[in-house]
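First the structure, in the form of structure tokens, and then the observations on it.
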Amino acid sequence: MTYRLKKQVIDILRVLKKKDYKVLARDLIKELKINYIVLMSAVNDLIAYDLGGFKEVDLNQISLTEEGLDYLKNGLPERQLLDFLLEEKFKEINLEEFQKLIDLEKKVFYIGISKLKKNRWISQSKATGENKIYLIAEDFPQTDLEKILKKFENNIKINYSTFSGEELIQLDVLNKRKLSRKYQKTQRIIYLSEKGKSVDVSKIAVLKQVSKLTSEMLSSGSWKDYEIKPFDVVKPGPLLKAGKIHPMIRLINEIREIFLSMGFTEIRGPIIESAFYNFDALFQPQDHPAREMQDTFYLNQPKKAKLPEDDRVQAVKDTHENGGDSGSRGWGYDWDLETAKKTVLRTHTTSTTIRRLAQYYKENDKTPIKVFCIDRVFRNEKVDKSHLAEFTQVEGIVIDENVNLSDLIGLLSEFYRKMGFPKIITRPGFFPYTEPSMEVSVFYDKINEWLEMGGSGIFRPEVTYPWGIRNPTRVLAWGQGLERIAMLYFGRKDIRDFYINPIKWLRTQSY
Ligand code: PHE
């Protein structure tokens, strides 16, 4: 059989035939001056024609640490101490004096002393009242450890397989003394099969492959000499590391799209909010625990917020004290204007939807009104993998005549269906400003679990009446955490990822 093979494949065959039919991939790259990808693609051709292949072997290697290298040059500490004693002709010496005379680091000195004792070259005694060292041996042959150390004189790294069993024990000592370090490395060996060994390289024709035709090739007719390289359209392209829109912004834009497609308009409101809009207008009593410092960031600057027209403030005051004209009895306490003027970092975007109710009153708006808000809120929370102190809410309201809970469930189902979560469940919940109230959970099929997304409900008359919204006109309201949605959407387990920005994850995100 005659072969037509690529030039690199023929080159590899030649080298392998010269070198006992097997060569390290690393050496082949050097010898042929090609890169690894080209080599492995040529090896794939060898495999395809049954001419050869590759295998991987794990190599255990060992090399000296810096300390080991130092001892290789200057001798082990025990040898350095011994040489000093011999040179200075000390048969005995006071330990402290010894340490002073010899210019060695304290740690090294004591290692040396303990090893000298272990080798039974010296003994130590306090019998005379002094702490003394005595030379007790006559000759001091090279130890096994020193022999092993010497092996590194001409080698930076040595393969484990070249050591004998006895030497391996000494190597263990080297490792334990942190004088050497083990490595593992994988080597690829390219080899020829029996068929590859027997093929006559001189009879193989060079296969000329091109991936593009040029106009010259066409006009000269040389295209006939080439084979067109097939394209592998299934292979992934190279990873492009270009700047792109942050996944959170993409998600926000997508949520915007969904609300806009459902006929909603976007609203925004201030981050620095009055307690009035954040709490009072939501019928949250002024001693409500959610107002406590541990949840809410109160501000010193600006210290006081501007409230709406006096008659609206009065209407809210009345609902708190006696229910006003909402049909409720209210909370029955003396409502305090100054408490309502306090400034906070808004704890929810519901303050922004209430501002829309105020606008409805002021501008004598017509129903239906459908608005949404995607914005930042703040709570004094301990940050962990499922909590942030600064996060984003996706909030919305519908003001219309005769709307009811089914409309709300329908809206939320439609929203989550468009987000790609077709299964939702609602359960009774509690918020001081809605009645009835619902918790919303969505089903996440990847982990087979229901995840709580946020609250919703129909604003109570105590909330809507001060703004002239009266039965049968009602307000459907909901507020969800954006980051919670994002965790599902992007399949992230740690909520902080969206702001810490793990670069590996960002790189895998689309544009
Ligand atoms: N404001 C609530 C929260 O922050 C969510 C909510 C909004 C509940 C509207 C009911 C109605 O959790």
Side-chain angles (χ1 to χ4, degrees), residues 255 259 264 266-271 273-285 288-292 294-297 344-358 360 369-381 386-400 403-413 415-416 424-442 451-467 469 474-487 495:
I255 292 174
F259 278 123
F264 283 76
E266 185 163 4
I267 56 168
R268 300 199 74 175
I271 282 175
E273 189 51 281
S274 59
F276 180 83
Y277 278 121
N278 199 80
F279 299 125
D280 293 283
L282 284 160
F283 197 52
Q284 295 198 46
H288 192 283
R291 295 200 188 198
E292 296 288 304
Q294 75 234 35
D295 280 320
T296 310
F297 290 115
V344 302
L345 291 178
R346 73 174 160 213
T347 62
H348 50 192
T349 41
T350 315
S351 59
T352 298
T353 50
I354 294 297
R355 279 177 179 271
R356 185 63 187 84
L357 300 192
Y360 172 91
I369 287 169
K370 294 158 78 175
V371 295
F372 73 98
C373 170
I374 308 173
D375 226 333
R376 199 51 76 88
V377 300
F378 304 83
R379 284 181 204 174
N380 196 354
E381 296 246 28
S386 46
H387 293 92
L388 294 168
E390 192 181 333
F391 57 101
T392 314
Q393 284 191 324
V394 179
E395 184 113 11
I397 52 169
V398 171
I399 314 176
D400 204 1
V403 282
N404 57 35
L405 210 59
S406 306
D407 295 310
L408 180 58
I409 296 174
L411 269 170
L412 292 169
S413 308
F415 171 74
Y416 281 113
I424 78 163
I425 198 169
T426 57
R427 278 174 292 127
F430 172 79
F431 297 98
Y433 34 94
T434 47
E435 182 58 40
S437 306
M438 286 189 316
E439 304 272 0
V440 185
S441 300
V442 310
L451 292 163
E452 215 173 279
M453 301 308 287
S456 64
I458 299 179
F459 277 152
R460 301 171 70 104
E462 291 95 327
V463 174
T464 64
Y465 273 51
W467 313 105
I469 299 165
R474 291 186 276 267
V475 183
L476 310 179
W478 63 93
Q480 327 265 278
L482 172 75
E483 289 80 4
R484 286 285 165 88
I485 304 176
M487 283 169 89
I495 201 164

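The residues of the chain are indexed from 1 along the displayed sequence. Start at 1 and go down the list; that is how both ligands and their atoms are numbered.
Using cut-offs of 30° and 60° for the angle between ring planes, the Y277 and W467 rings count as parallel. Ring-plane geometry between F259 and F372 is classed as parallel, the angle between the planes falling under 30 degrees on a 0 to 90 degree scale with a further cut at 60.
When the options G479, G396, S456, S351 are ranked by their closest heavy atom to atom 10 (C) of ligand 1, first place goes to S456.
Side-chain contact annotation: T296 with R379, donor-acceptor N/O pair under 3.5 Å absent. Of the N and O atoms on the side chains of E439 and T426, not one donor lies less than 3.5 Å from an acceptor on the other residue.
Of all the atoms in ligand 1, the ones that sit under 4.0 Å from a non-hydrogen atom of W478 are 7 (C), 9 (C). Those atoms of ligand 1 that come under 4.0 Å of a heavy atom in T350, given as number and element, are 1 (N), 7 (C). Taking every heavy atom of F431 and a limit of under 4.0 angstrom, the matching atoms of ligand 1 come to 8 (C), 10 (C). Here is the list of ligand 1 atoms found below 4.0 Å of a heavy atom in A477: 9 (C), 11 (C).
When ring centroids are compared, F378 and F391 stay outside the 6.0 Å threshold.
If you look at S437 next to ligand 1, there are no close heavy atoms at all, none under 4.0 Å. Under 4.0 angstrom from ligand 1, the non-hydrogen atoms of Y433 all belong to its side chain. With a 4.0 Å heavy-atom cut-off, ligand 1 is reached by the side chain of R379 but not by its N, CA, C or O.
Classification of D280 and R291 as a salt-bridged pair holds, one side-chain N sitting under 4.0 Å from a carboxylate O. Under a 4.0 Å N-O distance rule, the pair E395/R356 does not qualify as a salt bridge. With respect to the salt-bridge test (charged N to carboxylate O, under 4.0 angstrom), the residues D375 and R346 qualify.
Considering backbone and side-chain N/O atoms, T434 never comes within less than 3.5 Å of an N/O atom of ligand 1. The N/O atoms of H348, backbone and side chain alike, include one that comes under 3.5 Å of an N/O atom in ligand 1.
Within the 4.0 Å heavy-atom shell around ligand 1 one does not find G454. Ligand 1 is never approached by M438 to a heavy-atom distance shorter than 4.0 Å.
The closest protein non-hydrogen atom to atom 9 (C) of ligand 1 is E395 OE2, 3.6 Å. Here the protein heavy atom with the shortest distance to atom 8 (C) of ligand 1 is G455 C, 3.6 Å.
More than 12 heavy atoms of other shown residues, nucleotides or ligands fall within 6.0 angstrom of atom CZ in R376.
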